Number of protein chains: 2
Amino acid sequence: MAQPAPHQVTSAEDIVLELTEAVHEHRVSPGMKLREDEVGDIFGVSRTVVRQALRSMAHTGLVSIERNRGAFVARPSVREAREVFEARALLEPKTARAAAERAGPRDILLLEEHIRQEHAALARDEAGPALKLSGEFHCEIARIADQHTIETFIRQLISQSSLVIALYWRRRNALCESHAHHALLDAFRSQDGDSAEELMKGHLLDLVSQLDLRDQQADTTSLREALLK
Amino acid sequence: MAQPAPHQVTSAEDIVLELTEAVHEHRVSPGMKLREDEVGDIFGVSRTVVRQALRSMAHTGLVSIERNRGAFVARPSVREAREVFEARALLEPKTARAAAERAGPRDILLLEEHIRQEHAALARDEAGPALKLSGEFHCEIARIADQHTIETFIRQLISQSSLVIALYWRRRNALCESHAHHALLDAFRSQDGDSAEELMKGHLLDLVSQLDLRDQQADTTSLREALLK
DNA sequence: GAGGCGTAAATTGTATACGATCTGAGAAAT
DNA sequence: ATTTCTCAGATCGTATACAATTTACGCCTC
């Protein structure tokens with residue numbers, strides 16, 4: 001039953017990383033139950049450590065914990081989905097500006113390599129990994145801006161965006177993405193903060209426009225939530 | 001030894017609230033050690049629950065946990081202090097705009113009452129409670145803007161600001177604060193988003209300008225950090 | 001067959017136990 | 001006197017044990 005761990009992990013942080021990657025790659029879906037024993041068996045640790053990891057992920061909004069009922073991969077509501085992208089709209093454009101103005105040759109190379117990997121994943125038709133890479137591109141920009149606090153927030157928002165996309169994405173093509181990332185890279189090359197800020201703003205609007213965020217309360221699991229919340 | 005809890009608490013979240021309030025009111029100082037069984041004795045719960053609370057607070061940046069060494073009230077570096085206010089500068093002005101445009105009579109009354117309490121605390125010369133209230137004013141604005149995700153971020157930043165102020169505040173007078181809050185309230189009354197945004201921007205710049213953020217690496221505890229980080 | 005009801009199994013919440021690591025005081029060496 | 005070493009006490013990290021709660025299945029009633 002308990003098949004050996006992906007690679008033997010020891011700490012709670014390792015479990016967070018494994019589970020987070022699984023969410024980002026859409027290998028686990030919103031709403032999926034995360035039983036403590038089960039996760040513990042998979043990674044070869046006791047529930048103590050699993051609980052740490054799950055609570056940690058609850059903090060970043062990837063997991064929602066319901067008392068006495070357990071942990072589930074979060075299911076952002078339409079409203080939460082909107083809020084995530086509104087928060088991104090406040091943080092990311094200005095961060096892209098700062099990053100563009102600071103970016104060194106080393107950063108440009110990293111971003112180029114990153115975009116190459118995105119293309120490669122898409123070429124191989126691996127939607128999950130492509131999506132994860134696409135998110136990491138945004139995190140990378142925050143890192144270049146050298147704003148650790150903001151980077152933490154953006155990471156969190158990217159994570160939640162991954163759930164939002166799983167729930168509300170219209171088409172299956174993520175092709176538009178790479179164009180936007182390419183354009184950003186150009187702005188970085190010429191250290192053009194203005195362009196970077198505008199491009200990021202537009203990119204985020206583009207993403208939202210591809211979502212289907214009409215109110216759709218009724219759902220399999222949401223009855224309980226509708227009555228209790 | 002173990003004197004009865006402030007009020008008997010049961011859950012980890014209660015401990016988080018108690019400790020957070022203590023930090024906001026500057027009853028505990030940055031760097032203070034938080035031993036697990038000491039905290040457990042105070043609140044009458046086992047280490048299991050205390051650890052949950054401490055890890056939760058580590059996530060919001062109020063506590064820093066060093067493996068095998070324990071939890072401490074966080075000591076933001078000068079750099080982190082700057083980053084906190086740069087993040088606030090990205091989030092709060094636009095949030096104040098949105099709040100001003102949405103604010104209803106009910107919200108105005110709440111803010112008025114809030115400012116009254118701030119004054120009262122200052123009049124009684126209770127610097128701690130006054131500071132806490134001052135922070136809550138900002139949180140209240142985020143709440144009025146009705147952006148839960150952003151509110152969470154702002155709460156976190158306010159918490160950390162509390163630590164920053166404890167470490168880097170120049171004067172002891174927090175008088176300027178209430179003027180700024182009053183001006184914001186006026187903007188809210190007239191639903192003037194533009195003013196609210198500008199006032200908040202200025203208010204934050206004002207706050208930073210009152211901090212002493214010169215590099216001052218050398219410190220009692222920072223030697224370890226300097227070598228390990 | 002549909003809908004409650006009750007009890008047993010499953011699952012989470014909390015406390016305790018035990019091993020690992022760190023801290024600090026005192027002795028020995030330079 | 002200073003430094004280094006040693007060892008006991010203190011503290012943290014993880015696993016396990018037990019209590020509280022929820023879930024699920026069978027049973028009864030209609």
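Letters A, B, ... mirror the listed sequences (proteins, then strands); counts begin at 1. Because the structure is predicted, anything quoted here is derived from the model rather than measured.
For the pair B:Glu36 CD and C:dA15 C1', the computed distance is 14 Å after rounding to whole Å. When rounded to the nearest whole Å, the span between CG of A:Leu54 and P of C:dT12 equals 9 Å. At whole-Å resolution of the value, CD1 in A:Ile15 and P in D:dG13 are 15 Å apart. As rounded to whole Å, 12 Å separates atom C1' of D:dT23 from atom CG of A:Asn68. Atoms CD1 (A:Ile65) and C1' (D:dT21) sit 16 Å apart, rounded to a whole Å. As a whole-Å value, the separation of B:Arg55 CZ from D:dT14 P is 8 Å. Following rounding to the nearest Å, B:Leu34 (CG) and D:dA10 (C1') show an atom-to-atom distance of 17 Å. Atom CD of B:Glu66 is separated from atom C1' of C:dC22 by 12 Å (rounded to the nearest Å).
In this model, the phosphate group of D:dC12 is not approached by any side-chain N or O of B:Arg69 to a distance below 4.0 Å at OP1 or OP2. The side chain of A:Gln52 contributes an N or O atom lying less than 4.0 Å from OP1 or OP2 of D:dT14. Remark: B:Ser46 is in phosphate contact with C:dA15, judged by side-chain N or O atoms under 4.0 Å from OP1 or OP2. The side chain of B:Arg35 places no N or O atom within less than 4.0 Å of a non-bridging phosphate oxygen (OP1 or OP2) of C:dC22.
In summary, the side chains of B:His114 and B:Glu140 do not present any donor paired with an acceptor at a separation below 3.5 Å, with no hydrogens or angles considered. In this model, a donor atom of one side chain and an acceptor atom of the other lie less than 3.5 Å apart for A:Glu118 and A:His181.
Heavy atoms from other residues, nucleotides or ligands lying under 6.0 Å from NZ of A:Lys132 number more than 12.
One can find a donor-acceptor pair under 3.5 Å joining the base of C:dG13 and the side-chain atoms of A:Arg47.
A:Glu36 contributes no side-chain N or O that, together with a main-chain N or O of A:Arg47, makes up a donor-acceptor pair within less than 3.5 Å.
Inter-residue side-chain proximity for A:Val49 and A:Phe43 is flagged as unmet; no heavy-atom pair is nearer than 4.5 Å.
Listed candidates were D:dA15, C:dT11, D:dC12. Nearest to the side chain of A:Val49 is D:dA15. Side-chain atoms of A:Thr48 lie closest to D:dT16 of the nucleotides D:dT16, D:dG13, C:dG13.
Among the atoms of the strands shown, base atoms are found under 4.0 Å from some heavy atom of A:Arg51.
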